[in-house]
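Quick caveat: nothing in here was measured; it's all calculated off a predicted structure.
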Amino acid sequence: MSICKSGIYFGVSVCDISTGEFYSSEIKSENNFALLLDEIARFAPSEIIANSMMFECQEEMDKIRERFSIYMSRFSDKFFTDDVGNLTLDYNIIEKPLAVKSINALLEYLNETQMTSLEHINTITIYSLSKYMSLDINARRNLEITEKMRDKSKKGTLLWVLDKTSTSMGGRLLRRWLNDPLLEVKEIQERLDAVKELKDNMMLRGEITDTLKKVY
């Protein structure tokens, strides 16, 4: 995760290097820092890079370290640029300069640190915080969606009960869906329709399951 702080606002970008999934957003609302903590809880990154303004905000950094076991480091401000350059997105990204800054820094960091091809990171999804139901850290912990309160294990959680996926990609997708409850009725209905189609067609479901089991 890359965090770019500017005043009381934040730009956030997240990348899963294994799948190439890349998400970015801006936090410009009330309770901005609380929303930032919610986004960290939502994605549960293993590492965070931050610009100088973020890294030097001792109170906020202490709260992040207190709540999460995440390695955090300062990344050079010269890479937190708002140059849209080669960023080709189906979105008016120019209107989100903080998101662009966090994207550019994260891309540069990945290029510097990953000793492998990053060609699979070819799509950046700009998302709105209002698209998903906001679940704060305490709600996620108490609901035991992906980890138990007592020992942070997966067994006995909602994810553990539901996860019958055939691929690691499917497992990650299910985790994201559980962590990000939809709010838009149209999208909820589309997902329910897809589930109904598979539930009602046993042969199709079996064929898809067999095919997915062959995916590395």
### Where L36 and I27 come nearest, the two heavy atoms and their spacing
CA-CD1, 3.6 Å

### Summary
Output for pair (S153 OG, R150 CZ), nearest 0.5 Å, gives 6.5 Å

### Query
Is the number of heavy atoms from other residues, nucleotides or ligands within 6.0 Å of CZ (F68) greater than 12?
yes

### Query
Is it true that V12 and I8 fall in one hydrophobic cluster, defined by side-chain heavy atoms closer than 4.5 Å?
no

### Message
We want to know whether E47 and Y109 form a side-chain donor-acceptor pair, criterion being a heavy-atom distance below 3.5 angstrom.
### Response
yes

### pair Y132-L182: side-chain heavy atoms closer than 4.5 Å
yes

### Message
For a quick check under 3.5 Å, do S24 and S13 share a side-chain donor-acceptor pair by atom type?
### Response
yes

### Message
If the threshold is 4.0 Å, N to carboxylate O, is there a salt bridge linking E60 and K63?
### Response
no

#### Entry: Side chain proximity check, C15 to L110, heavy atoms < 4.5 angstrom
yes

### Query
Considering only heavy atoms from C-beta outward, does the side chain of I48 approach that of I3 to under 4.5 Å?
yes

#### Entry: Minimal non-hydrogen separation, I126 against K96, with atom names
CG2-CD, 3.9 Å

### Query
Salt-bridged, R74 to E56, with N to O below 4.0 Å?
yes

### Task
Could you pull out the closest heavy-atom pair between S102 and S2, with the gap in Å?
O-OG, 3.1 Å

### Query
Side-chain contact, heavy-atom cut-off 4.5 Å: L159 with I145?
no

### Query
Will you find, in the side chains of Q189 and D193, an N or O donor that is under 3.5 Å from an N or O acceptor?
yes

### Message
Is it the case that the side chain of N31 and the backbone of A34 share a donor-acceptor pair, with hydrogens and angles ignored and the cut-off at 3.5 Å?
### Response
no

#### Entry: Minimum-distance pair of heavy atoms, taken over all atoms of E39 and M1
O-CE, 3.9 Å

### Task
Please go through M53's hydrophobic cluster and name the other residues, only I, L, V, M, F, W, Y counting, with side-chain heavy atoms under 4.5 Å joining them.
none

### Query
When you measure from the side chain of N111 to the backbone N and O of L107, does any donor-acceptor pair fall under 3.5 Å?
yes

### Pairwise salt bridge (Lys or Arg N to Asp or Glu O under 4.0 Å) hits with a residue in residues 163-177, at least two apart
D16-R172, E21-R176, K154-D163

### Task
Just do the side-chain contact (heavy atoms from CB on, under 4.5 Å) check on D83 and V100 with the steps written out, would you?
CA-CA 7 Å; D83 178 16; V100 172; 5.9 Å; no

#### Entry: Nonpolar side-chain network containing M203, other nodes, edges under 4.5 Å
none

### Message
In this structure, would I103 and Y9 fall into the same cluster of hydrophobic residues linked by side-chain contacts under 4.5 Å?
### Response
no

### Query
Can you list the steps and then say if R42 with D38 is a salt bridge (charged side-chain N to carboxylate O under 4.0 Å, His left out)?
CA-CA 6 Å; R42 181 198 304 277; D38 293 346; over 6 Å; no

### Query
For the side chain of S166 and the backbone of K213, is there at least one donor-acceptor N/O pair under 3.5 Å apart?
no

### Query
Would a hydrophobic clustering, with Ile, Leu, Val, Met, Phe, Trp and Tyr connected at side-chain separations under 4.5 Å, put I70 with F33?
yes

### Query
If you round to the nearest 0.5 Å, how far is CG of L106 from OH of Y23?
14.0 Å

### Heavy-atom check, side chain of E144 versus side chain of M149, under 4.5 Å
yes

### Task
List for me each residue that meets ring pair (Phe, Tyr, Trp, His ring centres under 6.0 Å) alongside F79, sequence neighbours excluded, and say none if there are none.
F75

### Query
Are E187 and R191 within salt-bridge range, i.e. N to O under 4.0 Å?
no

### Task
Decide yes or no for N122 and F22: does some side-chain heavy atom of the first lie under 4.5 Å from some side-chain heavy atom of the second?
no

### Message
So does F80 get a backbone contact from the side chain of K78, meaning a donor-acceptor N/O pair under 3.5 Å?
### Response
no

### Query
Any salt bridge (Lys or Arg N to Asp or Glu O under 4.0 Å) pairs touching residues 98-127, not counting sequence neighbours?
none

### Query
Does any pair with a residue in residues 165-206 pass ring pair (Phe, Tyr, Trp, His ring centres under 6.0 Å), and if so which ones, sequence neighbours excluded?
none

### Message
Test of understanding: clusters of I, L, V, M, F, W, Y form through side-chain heavy atoms closer than 4.5 Å, transitively. Do M169 and L162 belong to the same one?
### Response
no

### Query
Could you go step by step and tell me if E26 and K28 meet the salt bridge (charged side-chain N to carboxylate O under 4.0 Å, His left out) rule?
CA-CA 6 Å; E26 286 191 343; K28 290 184 174 181; 3.7 Å; yes

### Message
Under a 3.5 Å distance rule, please check whether S29 uses its side chain to pair with a backbone N or O of N32 as donor and acceptor.
### Response
no

### Query
Do R140 and L178 have side chains that get closer than 4.5 Å, going by heavy atoms?
no

### Query
Can you name the nearest heavy-atom pair linking S6 to L98, along with the distance?
CB-CD2, 3.6 Å

### Joint cluster assignment, L118 & I124, ILVMFWY side-chain distance < 4.5 Å
yes

### Query
Is the backbone N or O of Y127 less than 3.5 Å from a side-chain atom of S25, with the two atoms forming a donor-acceptor pair by type?
yes

### Message
If you define the side chain from C-beta out and look only at heavy atoms, does anything of L143 sit under 4.5 Å from L158?
### Response
no

### Query
Can you tell me if R205 uses its side chain to pair, donor with acceptor, with the backbone of L198 under 3.5 Å?
yes

